[in-house]
Number of protein chains: 2
Amino acid sequence: MLSIGTLAKRTGAKVQTIRYYEQIGLMPEPGRTEGGQRRYGNAGLDRLAFIRHSRELGFSLEAIRELLDLSDSPERSCAQIDAVAQRQLHEVEARITRLKALRIELRRMLDECSADRVADCRILEVLRDHEECLSNHDGTGI
Amino acid sequence: MLSIGTLAKRTGAKVQTIRYYEQIGLMPEPGRTEGGQRRYGNAGLDRLAFIRHSRELGFSLEAIRELLDLSDSPERSCAQIDAVAQRQLHEVEARITRLKALRIELRRMLDECSADRVADCRILEVLRDHEECLSNHDGTGI
DNA sequence: CATAGAAGCTACAGCAGGTAGAGGTTCGGG
DNA sequence: CCCGAACCTCTACCTGCTGTAGCTTCTATG
């Protein structure tokens, strides 16, 4: 049987994070020792590894919850799992697009500024006046 | 004199957000009417526009605070402002790099999965087993 | 000038996804 | 058996807002 610290070491999650996952119902309540300490089996370890790995790929905890639920019915079609992954891919792509626009704007700002004094700083001017921007970065999700 | 609602409309910020900026000291406390409602001048409007625009470019509120402080000393060198913008650019670039790695991994997952049943789903297999990944996405800042 | 309703006010709670600390208990190697 | 590491619960905090409740004020119309 594995202590919470061992799970933490093996998966890279922090101890508090594992307890947090339990609190929000993502990890099941494990067995306890007589003294009240958590003890996990391999199922717990595997589930936590799944969660952490999914998090590393950017899935939200809600999406992970969905994936875990779906994986409990092995005979069903995996179309829904596909859809969750597809959605995640789209989100990642949207974020890349947005960040690339920001990168262009930031580079341009930095390029243009050759001032010495704050008073003439192009960066501040651009930040002050949206009209100086090429893109219309609209503040939807960075 | 401008009401908080007018500022909100002109900058695209929500009324609560403006009050929040005031609360954390990013916006100065404006004058008030006899009845206690906030009234702003053009300085307030400009400052809020600066904040919103910087947010759209991904600057953190702390970075914005720094930029606003720096812009108060127009005779100083703008090297520090440059540094803040440079830092932001690096962060954006790091995020792009990371997201591109995620995109590759997600695409590969989706490509490989041609199963019908959840039981054979490649996506779940990949999520279960980190070894199946090509990249070592390490969970540092998405 | 009265009044209705839009807009403002404060204060507090909540979201994601954790992280940190206080203050106390239990586990396990020597 | 003992001591320090690891565990426990509980609470508060982080960023950057957003939403609600319950009340007050402003302003346009009649």
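Lettering follows sequence order; numbering is per chain, from 1.
Side-chain N/O atoms of T17(A) include one lying less than 4.0 angstrom from OP1 or OP2 on dT19(C). Residue R38(B) has a polar side-chain atom (N or O) positioned under 4.0 Å from OP1 or OP2 of dT10(C). When the side-chain nitrogen and oxygen atoms of S3(A) are compared with OP1 and OP2 of dC7(D), one or more of them lie within a distance under 4.0 Å. The phosphate of dC10(D) (OP1 or OP2) has no side-chain N or O of R19(A) nearer than 4.0 angstrom. Proximity of Y21(B) to the phosphate of dC17(D): a side-chain N or O atom is located under 4.0 Å from OP1 or OP2. At the phosphate of dC17(D), OP1 or OP2 sits under 4.0 Å from a side-chain N or O atom of R52(B). In this structure, K14(A) does not reach the dG17(C) phosphate: none of its side-chain N or O atoms is under 4.0 Å from OP1 or OP2. Listed pair T33(A) / dT26(C) fails the phosphate criterion, with no side-chain N or O lying under 4.0 Å from OP1 or OP2.
Going from atom CD of E22(A) over to atom C1' of dT9(D) covers 12 Å, rounded to whole Å. The CD atom of Q37(B) sits 7 Å away from the P atom of dG8(C) (whole-angstrom rounding). What separates CD1 of I51(B) from P of dT15(D) is a distance of 16 Å, to the nearest Å. Between I64(A) atom CD1 and dG17(C) atom P there is a gap of 8 Å when expressed in whole angstrom units. Q16(B) has its CD atom 15 Å from the P atom of dA11(C), to the nearest Å. The separation between E34(B) atom CD and dT24(D) atom P is 18 Å, rounded to whole Å. Residue Y20(A) contributes atom OH, which lies 17 Å from atom P of dA12(D) at whole-angstrom precision. Atom CE of M1(A) is separated from atom P of dC7(D) by 15 Å (rounded to the nearest Å).
Closest to the side chain of L61(B), from the set dC26(D), dG16(D), dC27(C), is dG16(D). Residue R32(A) places its side chain closer to dT9(D) than to any other of dC7(D), dC17(D), dT9(D). Closest to the side chain of R55(B), out of dC17(D), dC8(D), dC26(D), is dC17(D). Comparing dC27(C), dG8(C), dT19(C) by their closest approach to the side chain of V15(B) singles out dG8(C).
Between E105(B) and the options R103(B), R107(B), R108(B), a side-chain hydrogen bond (donor to acceptor under 3.5 Å, both in side chains) holds for only R108(B). For the side chain to side chain contact (heavy atoms under 4.5 Å, CB included) test with C78(A), the passing option among L124(B), I123(B), V118(B) is V118(B); the others fail.
In this structure, R65(B) reaches neither bases nor backbone, as no heavy-atom distance under 4.0 Å exists between it and the strands shown.
For the residue pair R52(A)/Y21(A), the side-chain donor-acceptor check at 3.5 Å is satisfied.
Rounded to the nearest 0.5 Å, atoms CZ (R38(A)) and CD (E22(A)) are 4.5 Å apart. With rounding to the nearest 0.5 angstrom, the CD atom of Q80(A) is 8.5 Å from the OG atom of S73(A).
Across the interface with DNA chain C, nearest-nucleotide mapping of Q23(B) and I4(B) shows I4(B) to be the residue nearer the 5′ end. Residues E62(B) and R39(B) both approach DNA chain D. Their nearest nucleotides, taken by heavy-atom distance, put E62(B) toward the 5′ side.
The nearest pair of heavy atoms linking G5(B) to V15(B) is CA-CG2, 4.1 Å.
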